[in-house]
Amino acid sequence: MRGTPVRILLVEDNEVYRSSLELLLGMEPGLDVVGSVGDGPAAAAAAAALKADVVLMDFRLPGADGAEATAAVRAARPQAAVVSLTAEASEAERAAMRAAGAAAVVDKGESLALLVAAIRRAAGGRGAA
């Protein structure tokens, strides 16, 4: 279903970064930011309630790390793909994210285009312009 927008949940504790992502991703054709939360424990319930297709999740979160939150999201909403964002995760932490079910791990310093491409890939190619 190429025409159906990809429903994105943002999980990021930094309000300024989260708001910026929401604005930037909201301008991308085929992407729809349906909600945002600021901590790991809220991610799974929000993903299920909002029927998120992709959960864009920071690795370092209050209450749970990204791997724990990813596993919880995948259990609560198995249809949702998780794309992890990190500023400084080690290779072991990146591996833990993938083992927990993350479809991709993207550095926060990467371009918006690379992040959008990772989201679209995680959504199975949906949301393409």
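Not measured: the values here are computed from a predicted model.
- In this structure, Gly40 and Ala64 approach most closely via the heavy-atom pair CA-CB, 4.2 Å.
- With sequence neighbours left out, Lys108 forms a side chain to side chain contact (heavy atoms under 4.5 Å, CB included) with Glu12, Tyr17, Asp58, Leu85, Ala87.
- Within the 3.5 Å criterion, the main-chain N or O of Asp65 finds no donor-acceptor partner in the side chain of Arg60.
- Formation of a donor-acceptor pair under 3.5 Å by the Arg74 side chain with backbone atoms of Pro78 is found in this model.
- Side-chain atoms of Met57 and Val73, non-hydrogen and from C-beta on, do get closer than 4.5 Å to each other.
- Across all their heavy atoms, Ala81 and Ala122 have their closest contact at CB-O, 3.4 Å.
- Here the closest non-hydrogen pair linking Phe59 and Ser84 is CB-OG, 4.2 Å.
- Rounding to the nearest 0.5 Å places OG of Ser36 at 12.0 Å from CG of Asp13.
- Considering only heavy atoms from C-beta on, Leu112 comes within 4.5 Å of Glu28 through its side chain.
- For the pair Leu115 and Leu56, the minimum side-chain heavy-atom distance is below 4.5 Å.
- No donor-acceptor distance shorter than 3.5 angstrom exists from the side chain of Asp107 to the backbone of Glu110, with no hydrogens or angles considered.
- Met97 is not listed as a side-chain neighbour of Val83, based on a closest heavy-atom distance of 4.5 Å or more.
- Hydrophobic clustering (side-chain heavy atoms under 4.5 Å, transitive across Ile, Leu, Val, Met, Phe, Trp, Tyr) keeps Leu23 apart from Val34.
- Residue pairs satisfying the side-chain hydrogen bond (donor to acceptor under 3.5 Å, both in side chains) criterion with at least one member in residues 38-53, sequence neighbours excluded, are listed as follows: Asp53-Arg126.
- In terms of heavy-atom proximity, Val11 sits nearest to Ala43 at CG2-CB, 3.8 Å.
- Val33 and Leu50 end up in different hydrophobic clusters when Ile, Leu, Val, Met, Phe, Trp and Tyr side chains are linked at under 4.5 Å.
- Of all the heavy atoms in Ala118 and Ala104, the pair that sits closest is CB-CB, 4.4 Å.
- Summarising the geometry of Ala100 relative to Ala67, their closest heavy-atom pair is CB-O, 3.4 Å, with the distance given to 0.1 Å.
- The hydrophobic cluster containing Val105 does not contain Val82, counting ILVMFWY residues as joined when their side-chain heavy atoms lie under 4.5 angstrom apart, directly or transitively.
- Counting heavy atoms from C-beta on, the side chains of Thr86 and Arg94 come closer than 4.5 Å.
- Counting heavy-atom neighbours within 6.0 Å of Glu15 CD, excluding the residue itself, gives a total of 12 or less.
- Leu21 and Val55 fall into different hydrophobic clusters, where Ile, Leu, Val, Met, Phe, Trp and Tyr residues are linked whenever their side-chain heavy atoms come under 4.5 Å apart, directly or through other members.
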**OP:** Apply side chain to side chain contact (heavy atoms under 4.5 Å, CB included) to the pair Val6 and Asp32, showing each step before the final yes or no.
**Re:** CA-CA 6 Å; Val6 176; Asp32 185 13; over 6 Å; no
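- Under the 4.5 Å side-chain heavy-atom criterion for grouping Ile, Leu, Val, Met, Phe, Trp and Tyr, Leu24 is not connected to Leu9 through any hydrophobic cluster.
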